[in-house]
Peer 1: 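Okay, handing you the structure first.
All chains are named by letter (A, B, ...) in the order of the sequence lines, taking the proteins before the strands, and each is independently numbered beginning at 1.
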2 protein chains.
Amino acid sequence: MENKHDQEDCSHTHLAIQDTLYVVSGKWKLVILSILVNDGAMRFGELSRKAGISPRILSKELQEMEMNKLVSRTVSNTRPITVTYGATEYADTLKEVIDAMIKWGKNHRKAIAAN
Amino acid sequence: MENKHDQEDCSHTHLAIQDTLYVVSGKWKLVILSILVNDGAMRFGELSRKAGISPRILSKELQEMEMNKLVSRTVSNTRPITVTYGATEYADTLKEVIDAMIKWGKNHRKAIAAN
DNA sequence: CAGTATCCAGCTAGATACTG
DNA sequence: CAGTATCTAGCTGGATACTG
């Protein structure tokens, strides 16, 4: 019984880590998010230029981030249409994770340098 | 001047995130670490069997983790030699990061499920 | 036993060109 | 403008066999 519980807890925990890792890993997700947070909402092309990401990759990343409610996508009825991407309020909840990563990463540099 | 400072802060921050990401990302690093933390130090073969990782990958992961001071490697002068791997005390410092990831991941499941 | 060597499949990211 | 299609290079992880 206890074993079963332990395993379940463990797999839930593992799943939670995987989920977070998925959202935060990869070459661009956090770069995109930080640009949208710091510079505010902007259009697809502008974001592409500012981040230096080719459209194919940017499109894919934004779709995933939208599914994860980290960015919002707003279409304007101009001609041709314009699309604006912005960081959501929900994206702020990631701050705790990112801050923990920043803190550990900074200390780790020192820990490794101090051979 | 302010710009320069901002950029430096930003790049340091970005670097710190990358460093942390490097240590926790990938398919096996946290799995290996949790086994060593939960079950204690053990030998290469045992770890390979317990985690279900082929020797090539396990060896590579352990080397990286040793360089990052997350695992210790101890050679015994038996014949043939035996090698024991264990989680270091320093590995405990990662707990903050991992806990933040677990917490966010668990909440995120709910947030996404509540469509 | 504790790895390393070799070979290989699949995924990630990018360049470039194209479409509504 | 906001993407999608196509093609490609390089990296990650894995199976298997081998060595000291």
Peer 1: What residues form a salt bridge (Lys or Arg N to Asp or Glu O under 4.0 Å) with A:Glu66, not counting sequence neighbours?
Peer 2: none
Peer 1: Reading DNA chain C 5' to 3', how would its secondary structure be written in dot-bracket notation, given Watson-Crick and G-U pairs with both distances under 3.5 Å, brackets [ ] for crossing pairs and | for partners on other strands?
Peer 2: ||||||||||||||||||||
Peer 1: Just to verify, what does B:Asp92 make a side chain to side chain contact (heavy atoms under 4.5 Å, CB included) with, not counting sequence neighbours?
Peer 2: none
Peer 1: Going 5' to 3' along DNA chain C, which are the first and last nucleotides with any atom under 4.0 Å from a heavy atom of chain A?
Peer 2: C:dA13 to C:dA15
Peer 1: Which parts of residues 54-65 of chain A get close to DNA chain C, meaning a heavy atom less than 4.0 angstrom away?
Peer 2: A:Arg56, A:Ile57, A:Lys60, A:Glu61
Peer 1: Does any residue of residues 37-47 of chain B have a heavy atom under 4.0 Å from DNA chain C, and if so, which ones, in number order?
Peer 2: B:Arg43, B:Phe44, B:Gly45
Peer 1: According to side chain to side chain contact (heavy atoms under 4.5 Å, CB included), who are the partners of B:Ile112, at least two apart in sequence or on a separate chain?
Peer 2: A:Asn68, A:Lys69, B:His108
Peer 1: What residues form a side chain to side chain contact (heavy atoms under 4.5 Å, CB included) with B:Thr13, not counting sequence neighbours?
Peer 2: A:Ile102, A:Lys106, B:Ile17
Peer 1: Can you list everything that forms a salt bridge (Lys or Arg N to Asp or Glu O under 4.0 Å) with B:Arg109? Sequence neighbours excluded, please.
Peer 2: A:Asp19
Peer 1: For DNA chain C, whose closest nucleotide is more 5', that of B:Arg49 or that of A:Ile53?
Peer 2: B:Arg49
Peer 1: Table please: side-chain donor-acceptor pairs of residues 42-60 of chain B below 3.5 Å, with sequence neighbours left out.
Peer 2:
{"from": "B:Ser48", "atom 1": "OG", "to": "B:Ile53", "atom 2": "O", "distance (Å)": "2.7"}
{"from": "B:Ser59", "atom 1": "OG", "to": "B:Gln63", "atom 2": "NE2", "distance (Å)": "3.4"}

Peer 1: Can you list everything that forms a side chain to side chain donor-acceptor pair (under 3.5 Å) with B:Thr84? Sequence neighbours excluded, please.
Peer 2: none
Peer 1: Taking side chain to side chain contact (heavy atoms under 4.5 Å, CB included) as the definition, give me every residue that meets it alongside B:Gln18, ordered by chain and number, with sequence neighbours left out.
Peer 2: B:His14, B:Leu21
